[in-house]
Amino acid sequence: VILLILLDGKKYRDELLEEYKNTIKKENLDIRLDIILVGNDSASEIYVKNKLLCAEKIGIKAILHPLDENTSEDELIDLIHELNEDREVTGIILQSPTPESIDFDKCANEIVSNKDIDGFTKENINNLYHNRETILPCTVKGIIKLLEHYGIALDGKNVTIIGRSKIVGLPLALALENKNATVTLCHSHTKDLENHTKNADILISAVGQAGLIEGDMVKEGFIGVDVGITRVDKKVLGDFDFESTSPKASYITPVPGGVGPMTVAMIMDNLIFTKKREKR
Ligand code: NAD
């Protein structure tokens, strides 16, 4: 029988936010976060509200720039440039996804790299590629920080990641490679997914398909990190079928309460990192 430990992101987030709040107060850090939200995607509205509330709770000024669904790329880029030049602004987030008419990557890349709190600009991705100090994408940083908090070593581990998006799976693969893990990156064209999941010491799923990973696809004692979010009625489900996978796990993230809260906390972590770097 394996003793199961829940990777409690919610609890750790609360500890981190307390720590950040104290740091901001003690070091008198004057931090401002500006979030640009284009259109009215209902999930995005919830995420943005969480980010704003979280920032304010720990003493970070947070300003929302809601833009109309029909905003042009030029108008959006003008606002980004204005915020880039504003010395009061510490960090800028362009909330994803943006409406079809806007090229998200192109616009996000207009954010000056030292205010790029999501780590999506070319310069920050290049830093990640070369394993240099950088602003790491928040979900990636949150996963690594959560694993480290529970004393889980990455060096030499077989890590399988499912999902290769530019915001989660792909940068996560690079970041874990930088930590000397042996990374397998699976996606929608992967054949026989279970061949790759069964071999994983650490299995991370970022797909968004509830119950994709079942108990017979994982190895005894594996460590599970579930990034997936699927809303069914009022419930939030992850990619792991918790009932069949958790009995085989040594550690596993709950959904909700695992990776999600860590992601929001890492926005605050990146803002503090940026502010301190600006000062040195
Ligand atoms: P995405 O849609 O951009 O990418 C999904 C990936 O899954 C793709 O790379 C695709 O190839 C792969 N995929 C799809 N079906 C597959 C299958 N059957 N087998 C293997 N791979 C398959 O999504 P994303 O933006 O990376 O987000 C993924 C999930 O994570 C979503 O549910 C999203 O809501 C969630 N998410 C959570 C957080 C968090 O903080 N918890 C942050 C970001 C995203």
Side-chain angles (χ1 to χ4, degrees), residues 6-13 16-17 35 41-51 53-54 93-98 100 103-105 108 117-120 125 136-147 159-176 183-200 203-214 216-218 224-232 235-242 245 252-270:
L6 280 182
L7 297 167
D8 191 340
K10 195 156 165 259
K11 180 158 166 259
Y12 187 35
R13 172 204 58 194
L16 284 170
L17 291 181
I35 303 180
D41 178 75
S42 61
S44 291
E45 279 172 350
I46 298 170
Y47 294 144
V48 165
K49 202 171 138 205
N50 278 337
K51 293 173 190 179
L53 283 173
C54 185
I93 289 176
L94 173 60
Q95 183 65 36
S96 154
T98 47
E100 294 272 328
D103 180 341
F104 177 83
D105 291 343
I117 290 310
D118 277 326
F120 293 160
I125 294 166
L136 261 188
C138 297
T139 305
V140 173
K141 194 175 193 178
I143 290 168
I144 293 174
K145 202 139 170 132
L146 185 61
L147 291 171
V159 182
T160 296
I161 301 169
I162 314 173
R164 59 172 166 187
S165 75
K166 304 284 187 287
I167 63 168
V168 188
L170 195 54
L172 182 61
L174 285 170
L176 295 178
V183 179
T184 304
L185 187 57
C186 302
H187 46 76
S188 54
H189 290 239
T190 299
K191 285 185 192 134
D192 302 325
L193 191 61
E194 62 271 20
N195 284 342
H196 305 286
T197 58
K198 265 189 183 145
N199 183 39
L203 179 60
I204 306 176
S205 187
V207 174
Q209 200 175 301
L212 175 71
I213 315 292
E214 292 176 349
D216 57 3
M217 295 168 71
V218 298
V225 176
D226 196 343
V227 188
I229 296 173
T230 307
R231 281 168 223 281
V232 181
K235 273 178 83 178
V236 177
L237 300 174
D239 291 347
F240 286 80
D241 173 36
F242 196 84
T245 53
I252 197 166
T253 55
V255 177
V259 176
M262 290 301 297
T263 298
V264 183
M266 290 306 105
I267 294 172
M268 310 306 144
D269 195 281
N270 279 346

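Start at 1 and go down the list; that is how both ligands and their atoms are numbered.
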Peer 1: Among protein heavy atoms, which sits nearest to atom 24 (P) of ligand 1, and what does the distance come to when rounded to 0.1 Å?
Peer 2: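 Its nearest protein heavy-atom neighbour is Ser165 OG, 3.7 Å.
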
Peer 1: For the backbone of Ser44 and the side chain of Asp41, can you confirm whether one donor and one acceptor N or O come within less than 3.5 Å of each other?
Peer 2: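 Yes: the side chain of Asp41 pairs with the backbone of Ser44.
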
Peer 1: Going by the atom numbers of ligand 1, which of them fall below 4.0 Å from some non-hydrogen atom of Gln209?
Peer 2: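 Those qualifying, in numeric order: 15 (N), 18 (N).
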
Peer 1: Closer than 3.5 angstrom, by distance alone: can the side chain of Asp118 be matched with the main-chain N or O of Pro137 as a donor-acceptor pair?
Peer 2: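 No; zero donor-acceptor contacts below 3.5 Å.
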
Peer 1: Looking only at heavy atoms, is any part of Met262 under 4.0 Å from ligand 1, and if so is it the side chain, the backbone, or both, or is it neither?
Peer 2: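 Neither part.
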
Peer 1: Backbone or side chain, does any N or O of Tyr47 fall under 3.5 Å from an N or O of ligand 1?
Peer 2: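 No, there is no polar N/O contact under 3.5 Å.
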
Peer 1: Is a side-chain donor or acceptor of Thr139 paired with a backbone partner of Thr263 at a separation under 3.5 angstrom?
Peer 2: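 No: the side chain of Thr139 does not pair with the backbone of Thr263.
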
Peer 1: Counting from 1, what ligand 1 atoms have a heavy atom of Ile162 closer than 4.0 Å?
Peer 2: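 So the answer, numbered in order with elements, is 20 (C), 21 (N).
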
Peer 1: Does only the side chain of Val227 get under 4.0 Å from ligand 1, or the backbone, or both, or neither? Count heavy atoms.
Peer 2: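 Both parts.
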
Peer 1: Quick one: does ligand 1 sit under 4.0 Å from the side chain of Asp239, the backbone, both or neither, non-hydrogen atoms only?
Peer 2: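 For Asp239, there is no contact with ligand 1 at all, from either part.
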
Peer 1: With heavy-atom distances below 4.0 Å as the criterion, list the atoms of ligand 1 near Gly208.
Peer 2: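 The atoms of ligand 1 under 4.0 Å from a heavy atom of Gly208 are 29 (C), 31 (C), 32 (O).
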
Peer 1: With a heavy-atom distance limit of 4.0 Å, tell me whether Ile229 approaches ligand 1 through its side chain, its backbone, both, or neither.
Peer 2: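 Within the 4.0 Å criterion, Ile229 contacts ligand 1 through backbone and side-chain atoms alike.
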
Peer 1: Is atom 34 (O) of ligand 1 touching the protein, meaning some protein heavy atom lies under 4.0 Å away?
Peer 2: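 Looking at atom 34 (O) of ligand 1, one finds that a protein heavy atom does lie closer than 4.0 Å.
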
Peer 1: Decide whether an N or O pair under 3.5 Å exists between Thr263 and ligand 1.
Peer 2: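 Thr263 vs ligand 1: N/O contact under 3.5 Å present.
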
Peer 1: What is the closest protein heavy atom to atom 16 (C) of ligand 1, and at what distance does it sit?
Peer 2: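 For atom 16 (C) of ligand 1, the nearest protein heavy atom is Val207 CG1, 3.8 Å.
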
Peer 1: Verify, without hydrogens or angle tests, whether Thr184 (side chain) and His196 (backbone) share a donor-acceptor contact under 3.5 angstrom.
Peer 2: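 No; judged by distance alone, with no hydrogens or angles, the pair does not exist.
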
Peer 1: Less than 4.0 Å is my threshold; does some heavy atom of Thr190 fall inside it relative to ligand 1?
Peer 2: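 Under 4.0 Å: no for Thr190.
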
Peer 1: Under the 3.5 angstrom rule, does the side chain of Asp226 hit a backbone N or O of Asp239 as a donor-acceptor pair?
Peer 2: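 At least one qualifying donor-acceptor pair exists.
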
Peer 1: Using a strict 4.0 Å threshold on nitrogen-to-oxygen distance, state whether Lys166 and Asp105 make a salt bridge.
Peer 2: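 No salt bridge links Lys166 with Asp105.
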
Peer 1: Quick one: look up the protein heavy atom nearest atom 8 (C) of ligand 1 and list residue, atom name and how far away it is.
Peer 2: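 Checked against all protein heavy atoms, atom 8 (C) of ligand 1 sits closest to Arg164 N, 3.9 Å.
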
Peer 1: Nearest 0.5 Å, what's the CG-CG distance between Asn270 and Leu136?
Peer 2: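 CG of Leu136 is found 7.0 Å from CG of Asn270.
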
Peer 1: Numbering the atoms of ligand 1 from 1, which are under 4.0 Å from a heavy atom of Gly163?
Peer 2: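 It comes down to these atoms of ligand 1: 6 (C), 7 (O), 9 (O), 12 (C).
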
Peer 1: Please state which protein non-hydrogen atom is closest to atom 21 (N) of ligand 1 and give its distance, to 0.1 Å?
Peer 2: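 Ranked first by proximity to atom 21 (N) of ligand 1 is His187 C, 3.1 Å.
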
Peer 1: Considering the heavy atoms of Gly260, write down every atom of ligand 1 situated less than 4.0 Å from one of them.
Peer 2: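 In order of number, 40 (O), 41 (N).
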
Peer 1: Yes or no: does Gly169 have any heavy atom under 4.0 Å from an atom of ligand 1?
Peer 2: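 It does not, in that no heavy atom of Gly169 comes within the 4.0 Å cut-off of ligand 1.
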
Peer 1: Nearest to atom 22 (C) of ligand 1, what protein heavy atom do you find, and at what distance?
Peer 2: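 For atom 22 (C) of ligand 1, the nearest protein heavy atom comes out as Ser188 N, 3.6 Å.
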
Peer 1: So, the side chain of Ser165 versus the backbone of Val168: is there a donor-acceptor pair under 3.5 Å, distance only?
Peer 2: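 Yes, the answer is positive, given that a donor and an acceptor are paired below the 3.5 Å cut-off.
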
Peer 1: For atom 27 (O) of ligand 1, what is the closest protein heavy atom, and at what distance to 0.1 Å?
Peer 2: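 Here the nearest protein heavy atom works out to Ala206 O, 4.5 Å.
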
Peer 1: As an exercise, identify every atom of ligand 1 less than 4.0 angstrom from a heavy atom of Ile167.
Peer 2: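 Reading through ligand 1 atom by atom, the close ones are 25 (O).
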
